[in-house]
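Data first, discussion second: the structure below is written as structure tokens.
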Amino acid sequence: MEKLSIPKGTRDFGQIESFRRKYIIEKIQSNFIKYGFAPIETPTMEHLSVLTGKYGDEGDQLIFKVLNSGDFLKKTDCGDYDQGAKTLLPKIAEKGLRYDLTVPFARHVVMNRHNITFPFKRYQIQPVWRADRPQRGRYREFYQCDADIIGTRSYWNEIELTLLIHDVFKSLNFDSFEVKINHREVLFAMAAAADLKGKETPFCVALDKIDKIGTEKVLHEISLLQGDSEMVSKYLEIIDADVGKSLKIEKLVKLTGTSNKGFEELNVFFKNLDELTDRKFNISLDFSLARGLSYYTGMIYEVKPTEVNIGSICGGGRYDNLTGMFGLKGMSGIGISFGLDRIYDVLAASNLFPETAKGGPKVLITHLDTSAFKHGIKIIEKLRKAGIAADLFPDAVKIQKQMNYANKLAIPYVITIGSEEISQARYPLKSMSTGEILTSSVEGIIENLKIDRF
RNA sequence: GUGGUUGUAGUUCAGUUGGUUAGAACGCCUGAUUGUGGUUCAGGAGGUCGCCGGUUCAAGUCCGGUCUUCCACCCCA
């Protein structure tokens, strides 16, 4: 028989991993709720017509397609085969696994537009699938945690989501991250002023790589686009300049000779952020930040860990016409997406999971004979009613084995029951870390466990 | 999608220019130890060397394919 395995880029999560993932999800979710978002869920599969064409040609290739059920070759003939995959595909597959949560969300909004009250705030925490080649921090199945506000253009949305980013990472005790801000309109102005109109995308893609490949190579890559290289090298100077945000904006306005609403919105954003909150932020204005997804039209942001090299762990931005792809125009919105799997990797690398994020019982009841086991059932009922995660060792085996079980599972407390305990109704509560034993009534044990006395 | 890389016990890894019965450490199981775990000691189980094919008297070792791992591109959470 073949060796058992799981598909490339997918993973099993053991008990500790699962519990830790739940811990992160719980923190993100409670912050979403605190900020007034309510959940929705969408199906794992969407029609390919919903998914394709929304992520660019590259993206379309990375969508997992679902083969039609039954005889999927029924609608095809030899000619289709000769024409190649592009012709054949729509005839054998009409569904695909969702690639992100934003496009299904847009579809949901358009489908339910008459029942939705705008502005609509929803959050969504579900897995997505990409047929990418796996790498560090890059999986074929991974979770996104999205929060979007759609149907409003208020400057407050940008502020609110920024505060949300702060609060989420704060609640995870994680502070070595940097929030980067930019604006799509500013990028367009930069491209236009450098004679690169119509080549915005390759311009942005090249600019975005500045951290990775350095200014020299970025300059070279952009020079291949045949724009105004001198202008571009001045951009790079401003990007590197160690000056305040408003001055940076001012310099770029002067250089490009244009001042569209992007520049203005950035100014307003930073001014408001300073006025409205005393939260400590590592937040910067980075004119090289581009972000891949093409549907963004306004402010964009990205969160990168500063001490772990794993790419971005959170990103988002404003889009003016997300639902336009499904025929509903004039619906502005803004969204954010936390990458659960990468956040997990970063917290693991930084050793930031609390001891409590491991699950399992808090106390194990061990027993010396069958009557002790039966008595244990009564005790465990009381413990569980009191809300204590408790377990009763299920088999009649030597006490060493039972202790060993508690030890292996890192169960912090053990109660041992024998004939003496039954007759006196007092039980020894042992701390597995210190070895100390406290003997008391069941009520006393419950009290001790609730406050972690020792 | 392009280029490279990895695969031997549950885990981390040895394994010489192809040559008898493939090793270690840790982990696991049993006992020393019939009401209290972690230490120690003694013993034990566990591998068709990723899979398929080829070269050879002989393949864990060489060759081809395939899958997998990780990495660099592309792109991205």
Side-chain angles (χ1 to χ4, degrees), chain A residues 1-11 14 24 28 55-63 85 98-102 125-146 201-202 204-206 208-209 212-213 217 221 290-294 301-305 308-316 335-346 364-369 372 393 396-422 427-437 439:
Chain A
M1 200 173 106
E2 207 180 317
K3 223 177 202 179
L4 287 176
S5 65
I6 55 177
K8 185 199 278 205
T10 65
R11 297 155 299 159
I24 298 173
I28 293 174
Y55 311 103
D57 285 346
E58 296 266 359
D60 285 355
Q61 298 218 315
L62 299 181
I63 294 170
R98 65 167 169 261
Y99 179 90
D100 70 359
L101 300 178
T102 308
I125 300 176
Q126 291 188 281
V128 302
W129 292 268
R130 294 184 189 177
D132 213 338
R133 199 173 281 207
Q135 234 174 88
R136 170 205 287 268
R138 197 170 210 192
Y139 309 100
R140 292 183 138 185
E141 177 182 56
F142 60 97
Y143 270 70
Q144 291 193 330
C145 313
D146 278 29
T201 307
C204 289
V205 167
D208 200 38
K209 285 193 257 188
K212 211 169 187 180
I213 61 176
K217 285 182 181 169
E221 219 167 285
R291 294 211 35 91
L293 289 168
S294 47
Y301 37 87
E302 188 164 272
V303 181
K304 277 193 168 163
V308 184
N309 182 24
I310 201 164
S312 76
I313 51 177
C314 172
I336 190 167
S337 179
F338 291 85
L340 168 66
D341 303 78
R342 284 189 179 174
I343 292 173
Y344 180 99
D345 290 345
V346 170
L364 178 75
I365 299 178
T366 61
H367 40 84
L368 298 161
D369 51 48
F393 197 89
V397 296
K398 282 199 293 194
I399 192 74
Q400 285 97 326
K401 282 222 154 202
Q402 303 184 49
M403 294 300 287
N404 207 22
Y405 181 79
N407 201 38
K408 291 250 170 78
L409 264 60
I411 299 171
Y413 299 99
V414 167
I415 295 168
T416 300
I417 300 178
S419 52
E420 214 174 290
E421 285 76 17
I422 297 173
Y427 310 90
L429 179 68
K430 175 170 180 166
S431 160
M432 292 300 277
S433 54
T434 64
E436 202 181 333
I437 296 176
T439 303

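Just so you know, these numbers come straight off a predicted model, no measurement behind them.
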Just how far, in rounded Å, is [atom2] of [N] from [atom1] of [X]?
X: E302(A); N: C76(B); atom1: CD; atom2: C1'; value: 10 Å
X: Y301(A); N: A77(B); atom1: OH; atom2: C1'; value: 15 Å
X: L62(A); N: U2(B); atom1: CG; atom2: P; value: 13 Å
X: Y405(A); N: C28(B); atom1: OH; atom2: P; value: 15 Å
X: Y139(A); N: U69(B); atom1: OH; atom2: P; value: 12 Å
X: Q135(A); N: U2(B); atom1: CD; atom2: P; value: 15 Å
X: R140(A); N: C67(B); atom1: CZ; atom2: C1'; value: 12 Å

Point to revise | Of P7(A) and S337(A), the one whose closest RNA chain B nucleotide lies more 5' | key: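 Taking each residue's closest nucleotide, the earlier one in sequence belongs to P7(A).
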
Review point. Toward the 5' end of RNA chain B, which comes first, I313(A) or K209(A), by nearest nucleotide?
Key: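 Between the two, 5'-proximity favours K209(A).
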
For a quick check of understanding: with a heavy-atom distance under 4.0 Å over all strands, which category does [X] fall into, base, sugar-phosphate or nothing?
X: R133(A); value: base
X: V128(A); value: nothing
X: K304(A); value: nothing
X: G315(A); value: nothing
X: G316(A); value: nothing

Nearest-angstrom distance, [atom1] atom, [N] to [M]:
N: C29(B); M: U20(B); atom1: P; result: 34 Å
N: G18(B); M: G54(B); atom1: C1'; result: 15 Å
N: U56(B); M: G19(B); atom1: C1'; result: 12 Å
N: G4(B); M: G23(B); atom1: P; result: 36 Å
N: A9(B); M: G3(B); atom1: P; result: 30 Å
N: C73(B); M: U17(B); atom1: C1'; result: 38 Å

Review point. Are R136(A) and C71(B) close enough that a side-chain N or O sits under 4.0 Å from OP1 or OP2?
Key: yes

Check your understanding: Within the pair K408(A) and G27(B), is there a side-chain N or O less than 4.0 Å away from OP1 or OP2?
Key ->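 Indeed not, no polar side-chain atom of K408(A) lies that close.
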
Check your understanding: Is the ring of F338(A) stacked on the base of A77(B), with centres less than 5.5 Å apart and planes under 30° off?
Key ->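 Answer is no, no stack.
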
Check your understanding: If we call it a pair only when both distances are under 3.5 Å in a Watson-Crick or G-U wobble match, what pairs with G19(B)?
Key -> C57(B)

**Study point:** Who pairs with U36(B) - Watson-Crick or G-U, where each distance is under 3.5 Å
**Key:** none

**Study point:** Lys NZ or Arg CZ of R130(A) over F142(A) ring: under 6.0 Å, within 45°
**Key:** no

Exercise for review: Mark up nucleotides 33-38 of chain B, 5' to 3', with B wherever a protein heavy atom is under 4.0 angstrom from a base atom, S wherever such an atom reaches only the sugar-phosphate, and - elsewhere.
Suggested key: B-BBBB

Point to revise | Q402(A) side chain near V397(A) side chain, heavy-atom distance below 4.5 Å | key: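 They are in side-chain contact.
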
Review point. Parallel, tilted or perpendicular: which fits the ring planes of F393(A) and Y405(A), with parallel below 30° and perpendicular above 60°?
Key: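 F393(A) vs Y405(A) ring planes: perpendicular.
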
